[in-house]
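The structure presented is a predicted model; accordingly, all values stated were derived computationally and were not measured. Side chains are part of it too, since the values below use all heavy atoms of this structure and drop only hydrogens, waters and symmetry mates.
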Amino acid sequence: VQLQASGGGEAQAGGSLRLSCTASGVIVGMIAMGWYRQAPGKQRDMVAIITNSASTSYADSVKGRFTISRDNAKNMVYLQMNSLKPEDTGIYYCAKLGSHSYWGQGTQVTVSS
């Protein structure tokens, strides 16, 4: 399994970024996938999850601002992040969930006030 996150960068508060996760060795439409975030000095926390049936769930802190989606044809998962806040800063990881969870390399997101 390989999961490569991309699309991170710097943004100002109120701005937007779109993260992409390129997956290989796994079919994203058949399993639960998620985005996790690790802020400096903190543990890695769930941001958003999309199940194999396309149900979604979000951390309370990002509800209404972030949207997780997937493209089964491209085997990719996305995270659209709007109305960014400085507290959204961190390394974002794409994850394959389930009995054998796997986290790929992350992408840095930095939001300045």
Report yes if the side chains of Thr22 and Leu3 come closer than 4.5 Å at any heavy-atom pair, otherwise no.
-> no
Can you tell me if CD on Gln2 sees more than 12 non-hydrogen neighbours from other groups inside 6.0 Å?
-> no
Counting N and O atoms only, with roles assigned by atom type, does the side chain of Thr89 sit under 3.5 Å from a partner on the main chain of Thr110, one being a donor and the other an acceptor?
-> no
Please confirm whether the backbone N or O of Asn52 pairs with a side-chain atom of Arg70, one donor and one acceptor, at under 3.5 Å?
-> yes
Just wondering, do Val62 and Arg37 contact through their side chains at under 4.5 Å, heavy atoms?
-> yes
Pairwise side-chain contact, Arg65 with Met81, heavy-atom cut-off 4.5 Å (strictly under) | no
Shortest non-hydrogen contact between Ser113 and Ala13, atoms and distance = CA-CB, 4.2 Å
Would you find a donor on one side and an acceptor on the other, under 3.5 Å apart, between the side chain of Asn75 and the backbone of Val28?
-> yes
For atom CD of Gln108, decide whether the heavy atoms of other residues, nucleotides or ligands shown that lie under 6.0 angstrom number more than 12.
-> yes
Is it the case that one hydrophobic cluster holds both Val77 and Val1, taking links as side-chain heavy atoms less than 4.5 Å apart, direct or via other members?
-> yes
Output yes when a side-chain donor or acceptor of Thr67 lies under 3.5 Å from a complementary backbone atom of Gln80, and no otherwise.
-> no
Spatial distance of atom OG (Ser61) from atom CG (Asp88) [nearest 0.5 Å] | 7.0 Å
Working to the nearest 0.5 Å, report the span between CE of Met46 and CH2 of Trp35.
-> 14.5 Å
Could you walk me through whether Lys96 and Met33 pass the side-chain contact (heavy atoms from CB on, under 4.5 Å) test, one step at a time?
-> CA-CA 5 Å; Lys96 163 191 170 293; Met33 297 289 294; 4.1 Å; yes
Calculate, to the nearest 0.5 Å, the distance between atoms OG and CE belonging to Ser69 and Met76 respectively.
-> 10.0 Å
Spacing of Cys21 atom SG and Tyr92 atom OH [to the nearest 0.5 Å] = 15.0 Å
Is there side-chain contact between Leu84 and Leu17, with at least one heavy-atom pair below 4.5 Å?
-> yes
Just do the side-chain contact (heavy atoms from CB on, under 4.5 Å) check on Tyr58 and Val47 with the steps written out, would you?
-> CA-CA 6 Å; Tyr58 299 91; Val47 173; 5.8 Å; no
Angle class for the Trp103/Tyr36 ring planes (parallel below 30°, perpendicular above 60°, tilted otherwise)?
-> perpendicular
Do the side chains of Phe66 and Asn82 get nearer than 4.5 Å, heavy atoms only?
-> no
So which of Ile50, Asp71, Leu19, Ile68 actually passes side-chain contact (heavy atoms from CB on, under 4.5 Å) with Tyr78?
-> Asp71
Are side-chain heavy atoms of Ile31 and Val26 found at a separation under 4.5 Å?
-> yes
Side chains of Glu10 and Ser112 in contact at under 4.5 Å (non-hydrogen atoms) | no
Ion pair Lys63/Asp60, N-O distance below 4.0 Å | yes
Ile49 vs Leu97 side-chain heavy atoms within contact, under 4.5 Å = yes
